[in-house]
J.: 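Here you go, one structure.
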Amino acid sequence: MDTQAAPIDFGTVLLYLAIAAACWLVFWVVRGWLRTRIHATPSAPEAGDLATATFPIAKPGYKLRDVDRFLDQVQAWLTPTLADADRATALNTVTNVRFAVARSGYDPRAVDTHLDALIARFSPPQPTQD
């Protein structure tokens with residue numbers, strides 16, 4: 001039995017190397033694009049958007065039910081005329097809220113940014129220095 005190896009075709013080797021290089025390039029481009037999207041800092045919501053906030057889903061993230069229940073509670077405080085006692089209660093509640101972390105839930109950075117905007121909304125106005 002004669003076992004003769006087939007000759008290596010230089011063109012085929014170059015083709016396989018080109019395919020491997022293209023796959024590697026696509027992987028690194030997509031990886032970089034995903035990293036910029038994942039690590040992007042969420043923007044602060046506008047004053048009118050505080051009542052109708054939506055958050056991206058992340059793994060891990062804050063439990064959806066906990067955040068939704070809390071925001072339903074906060075919804076009552078987002079009125080233009082809020083008594084000082086209610087404002088202090090709202091500020092204390094928003095400042096001290098804690099959410100459980102789940103395998104999948106709302107993006108913690110987006111929720112925390114929203115909570116910062118709520119704290120700014122409920123904080124008493126700073127006196128101006130003349």
Side-chain angles (χ1 to χ4, degrees):
M1 188 165 206
D2 188 21
T3 57
Q4 191 172 16
I8 298 176
D9 183 21
F10 188 68
T12 304
V13 171
L14 283 179
L15 176 66
Y16 288 148
L17 286 174
I19 291 172
C23 290
W24 181 81
L25 181 65
V26 168
F27 167 76
W28 282 101
V29 168
V30 170
R31 181 177 176 259
W33 177 77
L34 286 174
R35 278 189 172 190
T36 58
R37 291 192 44 108
I38 290 171
H39 297 297
T41 304
S43 61
E46 299 293 325
D49 294 340
L50 291 176
T52 59
T54 58
F55 307 108
I57 302 297
K59 293 182 181 182
Y62 291 147
K63 285 189 174 181
L64 303 175
R65 186 180 307 151
D66 293 350
V67 175
D68 289 340
R69 282 184 187 159
F70 179 73
L71 291 179
D72 288 343
Q73 178 185 0
V74 169
Q75 182 79 27
W77 292 322
L78 291 174
T79 59
T81 56
L82 189 63
D84 288 340
D86 291 337
R87 183 181 303 275
T89 302
L91 180 61
N92 186 39
T93 303
V94 172
T95 303
N96 295 319
V97 69
R98 299 291 179 259
F99 299 114
V101 176
R103 191 175 301 171
S104 178
Y106 289 133
D107 182 9
R109 291 177 299 160
V111 174
D112 292 344
T113 300
H114 185 73
L115 291 176
D116 291 342
L118 287 170
I119 290 170
R121 165 80 162 73
F122 295 134
S123 294
Q126 299 295 327
T128 59
Q129 297 179 0
D130 294 328

J.: What is the distance from atom CD1 of Ile57 to atom OG of Ser104, rounded to the nearest 0.5 Å?
T.: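 The CD1 atom of Ile57 sits 6.0 Å away from the OG atom of Ser104.
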J.: Would you indicate whether Tyr16, at its atom OH, is surrounded by more than 12 heavy atoms from other residues, nucleotides or ligands within a distance under 6.0 Å?
T.: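 No, because the 6.0 Å sphere around OH of Tyr16 holds 12 heavy atoms or fewer from other groups.
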J.: Within this structure, what is the CG-CG distance for the pair Leu91 and Asp86, rounded to the nearest 0.5 Å?
T.: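 Output value for this atom pair is 12.5 Å.
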J.: Please work out whether the ring planes of Trp77 and Phe122 are parallel, tilted or perpendicular, with thresholds of 30° and 60°.
T.: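 Trp77 vs Phe122 ring planes: perpendicular.
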J.: Got Leu78 and Leu118 here, is their nearest side-chain heavy-atom distance under 4.5 Å?
T.: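 Sidechains of Leu118 and Leu78: in contact.
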J.: Report the distance from atom CG of Asn96 to atom CG of Leu115, rounding to the nearest 0.5 Å.
T.: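 So the gap between those two atoms works out to 11.0 Å.
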J.: With clusters built from Ile, Leu, Val, Met, Phe, Trp and Tyr whose side-chain heavy atoms come within less than 4.5 Å, directly or transitively, what are the remaining members of the cluster of Ile19, listed by chain and number?
T.: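 Same cluster as Ile19: Leu15.
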J.: Just wondering, do Arg121 and Arg87 contact through their side chains at under 4.5 Å, heavy atoms?
T.: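 SC-SC contact between Arg87 and Arg121 confirmed.
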J.: I'd like to know whether Asp66 forms a side chain to side chain contact (heavy atoms under 4.5 Å, CB included) with Arg98, so could you lay out the CA-CA distance, the side-chain angles of the two residues, the decisive distance to 0.1 Å, and finally the verdict.
T.: CA-CA 9 Å; Asp66 293 350; Arg98 299 291 179 259; over 6 Å; no
J.: Checking ring pair (Phe, Tyr, Trp, His ring centres under 6.0 Å) against Phe70, which of Phe99, Tyr62, Tyr106 comes through?
T.: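 So the option named by the test is Phe99.
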J.: Any side-chain heavy atom of Thr93 sitting closer than 4.5 Å to one from Gln73?
T.: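 A side-chain contact exists here, since the closest heavy-atom pair is under 4.5 Å.
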J.: Looking at every non-hydrogen atom in both residues, tell me the closest pair between Pro108 and Ala58 and how far apart they are.
T.: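 Between these two residues, the closest heavy atoms are CD-CB, 4.4 Å.
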J.: If you look at every heavy atom in Arg109 and Thr113, which pair is closest and at what distance?
T.: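 Scanning both residues completely, I find the closest heavy atoms to be O-OG1, 2.8 Å.
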